[in-house]
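Okay, so here's the structure we're looking at.
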Amino acid sequence: MSTTSSPRPFVYVQDRLAVSGVDLTALAAEYGTPLYVYSADAIRERAQMLQQAFAAAAPALSTTLCYAVKANSSLAILKLLAGMGCGFDIVSGGELERVRRAAPKALGRVVFSGVGKQAWEMDAALEAGILLFNVESEAELELLSARAVALQKTARIALRVNPDVFAETHPYISTGLSAHKFGIAIARAREVYKHAASLPGLSPEGVSVHIGSQIRAVEPFGQALQRVRALVEELRSDGIDIQHVDAGGGFGIEYGNGDFDPAASVASYAAELSRVMQGLDATLLLEPGRFLVAQAGALITNVLYTKQNGDKHFVITDAAMNDLIRPALYQAHHEIWPVQKSERAQQTSDIVGPVCESGDFFARDRETTELRSGDLVALLDAGAYGMSLASHYNTRVHPAEVLVENSSARLIRRRETLDELMAAEIV
Ligand code: LLP
């Protein structure tokens with residue numbers, strides 16, 4: 001497997017954008033737009049990068065990647081990652097069902113996170129024999145105990161502790177402060193573990209933490225894990241046999257044009273976590289989402305119209321906020337590249353979708369070479385939290401998705417039809 005010098009698999013071949021040797025213009029012609037395109041090699045490369053970083057930093061530490069399904073829950077991508085030895089971090093019965101369909105053999109490597117698990121979801125996960133429930137409240141402990149007893153199963157649990165660590169990221173995706181709804185305050189955790197150990201049907205075996213998403217610095221991860229480690233030692237002295245430490249996900253990427261060496265940055269992440277885990281004798285679970293899939297994917301869209309409103313120039317694409325909501329929701333930056341390079345002059349425009357909201361933009365005051373009706377553009381780094389956050393707003397169908405592997409493209413989700421979109425409705 002080649003290690004590319006660019007963190008993205010999308011490269012120009014004679015002025016035409018291609019991914020792993022496959023021409024995007026041809027894909028758009030075959031499958032239509034908007035179209036999500038992913039590189040299987042790029043996803044594998046990231047998984048391998050993370051696995052190798054931990055193997056190098058701490059050869060004796062057993063580490064399992066539990067891919068965060070929410071980042072991109074496509075069945076084909078789940079299957080691909082299961083093939084790399086990954087388990088999964090799920091947050092709903094729906095995501096559990098995806099793992100069951102895509103990678104049933106990986107069910108034993110599933111961790112179940114989330115603040116609002118329902119009885120039916122617990123039942124399904126107990127029946128599936130998942131590895132660990134990451135329990136986020138005392139009320140959830142009670143219900144899980146009752147469901148395990150009813151089904152005559154034992155639920156292996158971790159408490160998701162809130163370490164009160166600040167991590168620099170967008171406020172909507174920061175989770176590790178006590179002001180956030182996530183987890184159980186670490187100061188109370190010891191007491192809650194004692195209670196958990198007394199409840200029937202529960203086996204406390206792990207401690208879990210997740211401080212947020214798109215975090216570029218490694219220190220906050222180390223700080224949070226240090227607090228978890230101290231708790232693990234206390235719990236063991238209380239006779240609670242902790243075997244798993246789940247450090248969550250959240251490792252970020254570069255969305256702009258800044259230097260980003262994913263292998264080097266993940267090596268420092270691995271070094272930081274390994275340093276804290278040193279000598280603890282526990283399995284490390286990680287829940288990466290974005291790092292594995294974001295840069296492997298792009299959303300290809302066609303320019304419908306351009307127009308000038310006063311001083312402003314607009315480029316209107318056939319993709320919209322319902323297909324990729326990150327710019328509208330988090331003011332997130334995504335690089336936008338023409339699929340066919342041109343010699344045209346540079347132009348500053350707002351690149352927007354057709355949805356009836358002023359928030360429906362992909363970029364504001366962005367300089368690109370002039371774009372014209374019929375041009376294709378690629379919204380980069382759209383492999384994570386792109387399709388998985390897509391909605392039907394404005395009664396727009398979900399885009400199609402293509403996976404490129406071994407220089408050939410395969411449709412992994414066909415474009416939805418309007419009949420399917422309205423299928424559950426009753427007139
Ligand atoms: N584990 C837990 C418990 C999580 O809540 C998340 C993400 C992850 C793992 C994976 O985090 P990652 O490695 O992907 O950063 N929609 C937002 C991101 C929301 C993240 C939610 N939780 C975005 O587009 O930036």
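When a ligand or atom number is given, it counts from 1 through the structure's own listing order.
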**Asked** Is there a donor-acceptor pair closer than 3.5 Å between any side-chain N or O of His244 and the backbone N or O of Thr283?
**Response** no

Considering the heavy atoms of [X], write down every atom of ligand 1 situated less than 4.0 Å from one of them.
X: Arg160; value: 3 (C)
X: Gly289; value: 12 (P), 13 (O), 14 (O)
X: Asp89; value: 1 (N), 2 (C), 9 (C)
X: Glu287; value: 1 (N), 2 (C), 3 (C), 8 (C), 9 (C), 10 (C), 13 (O)
X: Ala68; value: 8 (C), 9 (C), 10 (C)
X: Gly250; value: 11 (O), 12 (P), 13 (O), 15 (O)

**Request:** Find out whether the Lys NZ or Arg CZ of Lys117 is both under 6.0 angstrom from the six-membered ring centre of Phe133 and within 45° of the ring's axis.
**Result:** no

**Request:** Would you verify whether the NZ or CZ of Arg326 falls within 45 degrees of the ring axis of Tyr255 while also being under 6.0 Å from that six-membered ring's centre?
**Result:** yes

More than 12 foreign heavy atoms under 6.0 Å from [atom1] of [X]: is that the case here?
X: Arg100; atom1: CZ; answer: yes
X: Tyr12; atom1: OH; answer: yes
X: Arg236; atom1: CZ; answer: yes
X: Gln278; atom1: CD; answer: no

**N/O separation below 3.5 Å, Arg326 to ligand 1** = yes

[atom]: the protein heavy-atom neighbour that sits closest, reported with distance to 0.1 Å:
atom: atom 19 (C) of ligand 1; answer: Ile173 CG2, 3.6 Å
atom: atom 8 (C) of ligand 1; answer: His210 CE1, 3.5 Å
atom: atom 21 (C) of ligand 1; answer: Lys70 CD, 3.8 Å
atom: atom 16 (N) of ligand 1; answer: Tyr330 OH, 2.7 Å
atom: atom 15 (O) of ligand 1; answer: Ser213 OG, 2.4 Å

**Message:** Any heavy atom of Phe291 closer to ligand 1 than 4.0 angstrom?
**Reply:** no

**Item:** Pair Glu95 + Arg98: basic N to acidic O under 4.0 Å
**Value:** no

**Message:** I need the contact type for Pro288 against ligand 1. Using non-hydrogen atoms and a strict under-4.0 Å cut-off, is it side chain, backbone, both or neither?
**Reply:** backbone

**Fill in**
Given the options Ile253, Val266, Val293, Arg46 meets side chain to side chain contact (heavy atoms under 4.5 Å, CB included) only with Ile253

**Item:** Heavy-atom proximity to atom 11 (O) of ligand 1, best of Phe112, Tyr385, Phe182
**Value:** Tyr385

**Pair Asn134, Glu136: side-chain N/O donor-acceptor within cut-off below 3.5 Å** = no

